Amino acid sequence: MLLDGRCIYELRSLEASGQALTDADSVSGEVTLFEQRDSDPSKSMHYLLIGPTLQSHVLSASFRDAQNPSVVLADLALEAPTQGTLAEGELSDRSGTNLNGYFELITAGRGILVVETDLSSTPSITIPLTVTQRQNWTRPYCS
């Protein structure tokens with residue numbers, strides 16, 4: 001397997017989700033993170049934020065560290081208000097986003113999603129992320 005090139009890389013991934021309650025509804029978030037290390041390493045993070053009652057009130061969404069919540073680690077692209085989705089997309093180191101340390105941050109329980117709104121009752125909503133599935137470094141084709 002090593003000679004045919006299939007056993008030269010390692011993969012790890014995680015899924016995390018969370019929810020926050022507002023006066024009118026709840027807001028939920030999900031993150032899936034994939035990392036590959038080899039001669040051409042890559043990292044990517046897919047995110048989804050849902051909050052039906054907040055659709056037309058969201059100003060921004062971001063990923064942050066709970067120990068330093070004033071610093072935005074990554075801005076999350078907002079969606080056009082349809083079917084409750086506030087933000088959905090993918091960040092990648094190949095498209096210029098530095099995802100170094102995100103895996104460790106989320107597994108340590110420090111990853112949060114923050115939604116800023118134009119509502120005076122809830123100007124900022126914090127969604128703490130909890131790991132629901134985690135796969136440490138594996139070599140999928142080395143058995």
Side-chain angles (χ1 to χ4, degrees), residues 1 5-143:
M1 294 284 198
R6 293 180 62 180
C7 190
I8 61 170
Y9 66 91
E10 294 178 298
L11 303 174
R12 72 176 176 175
S13 64
L14 67 75
E15 293 177 14
S17 63
Q19 188 174 19
L21 300 176
T22 67
D23 293 340
D25 202 356
S26 67
V27 181
S28 61
E30 299 174 6
V31 168
T32 304
L33 187 66
F34 294 100
E35 294 186 4
Q36 176 176 321
R37 63 181 178 190
D38 59 7
S39 61
D40 186 24
S42 65
K43 297 177 184 172
S44 64
M45 181 175 89
H46 181 267
Y47 58 88
L48 174 65
L49 279 165
I50 297 173
T53 60
L54 293 176
Q55 282 185 316
S56 60
H57 298 285
V58 175
L59 302 173
S60 67
S62 58
F63 176 75
R64 304 180 190 199
D65 181 344
Q67 288 187 348
N68 194 2
S70 63
V71 175
V72 174
L73 299 176
D75 287 312
L76 309 179
L78 300 179
E79 287 288 309
T82 58
Q83 301 179 359
T85 300
L86 304 175
E88 182 175 21
E90 186 168 347
L91 304 172
S92 170
D93 60 350
R94 293 182 186 220
S95 63
T97 304
N98 182 353
L99 299 174
N100 290 337
Y102 283 26
F103 191 95
E104 291 77 13
L105 187 111
I106 295 170
T107 57
R110 294 175 29 204
I112 58 174
L113 301 174
V114 177
V115 178
E116 304 290 342
T117 75
D118 62 4
L119 300 171
S120 59
S121 61
T122 51
S124 182
I125 302 163
T126 299
I127 304 166
L129 295 172
T130 301
V131 175
T132 57
Q133 183 177 355
R134 177 179 165 182
Q135 176 68 50
N136 286 322
W137 290 115
T138 61
R139 288 187 173 174
Y141 298 108
C142 291
S143 53

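Since this is a predicted model, take the numbers as computed values, not measurements.
Taking both residues in full, the closest heavy atoms of S62 and D75 are given as CB-OD1, 4.3 Å, listed atom of the first, atom of the second, then distance. Shown here for A87 and A77, the closest heavy-atom pair between the two residues is CB-O, 3.2 Å. When all heavy atoms of V131 and T107 are compared, the pair lying nearest together is CG2-CA, 3.9 Å. Contact between P128 and I112 at its shortest, heavy atoms only, is CA-CG2, 3.9 Å. Nearest heavy-atom pair, E35 versus F103, reported as atom, atom and distance to 0.1 Å: OE2-CB, 3.5 Å.
With values rounded to the nearest 0.5 angstrom, I106 atom CD1 is found 6.0 Å from L129 atom CG. Atom-to-atom distance recorded for S60:OG and L86:CG is 11.5 Å, nearest 0.5 angstrom. We find the CD-CG distance between E104 and L33 to be 9.0 Å, quoted to the nearest 0.5 Å. Between the CG atom of L113 and the CD atom of Q19 there is a distance of 12.5 Å, given to the nearest 0.5 Å. Rounded to the nearest 0.5 Å, atoms CD (E90) and NE2 (H46) are 6.5 Å apart. The distance from atom CE of M45 to atom CZ of F34, rounded to the nearest 0.5 Å, is 12.5 Å.
A donor-acceptor pair shorter than 3.5 Å cannot be found between the side chains of E15 and T32. A donor atom on one side chain and an acceptor atom on the other are not found under 3.5 Å apart for R94 and S92.
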Show your reasoning for whether side chain to side chain contact (heavy atoms under 4.5 Å, CB included) applies to Q135 and R12.
CA-CA 5 Å; Q135 176 68 50; R12 72 176 176 175; 5.6 Å; no

Do V115 and L76 pass the side chain to side chain contact (heavy atoms under 4.5 Å, CB included) test, and can you show the C-alpha distance, the side-chain angles, and the key distance before you say yes or no?
CA-CA 10 Å; V115 178; L76 309 179; over 6 Å; no

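At a threshold of 4.5 Å between non-hydrogen side-chain atoms, the residues T53 and V27 do not count as touching. Side-chain contact between L59 and T117: absent, with no pair of heavy atoms (C-beta onward) separated by less than 4.5 Å. Side chains of Y47 and E30 form no contact here, defined as non-hydrogen atoms less than 4.5 Å apart. Counting only heavy atoms from C-beta outward, the side chains of L119 and L54 approach each other to under 4.5 Å. In this structure, the side chains of L49 and T85 stay at 4.5 Å or more apart for every pair of heavy atoms. Side-chain contact between S124 and V114 is present, with at least one heavy-atom pair separated by less than 4.5 Å. Between S17 and V31 the shortest side-chain heavy-atom distance does not fall below 4.5 Å.
Without hydrogens or angle criteria, Y102 side chain to F63 main chain gives no donor-acceptor distance under 3.5 Å.
A salt bridge links E116 with R64; the closest basic N to acidic carboxylate O contact falls under 4.0 Å. Between K43 and D93 there is no salt bridge, since no side-chain nitrogen of the basic residue lies less than 4.0 Å from a carboxylate oxygen of the acidic one.
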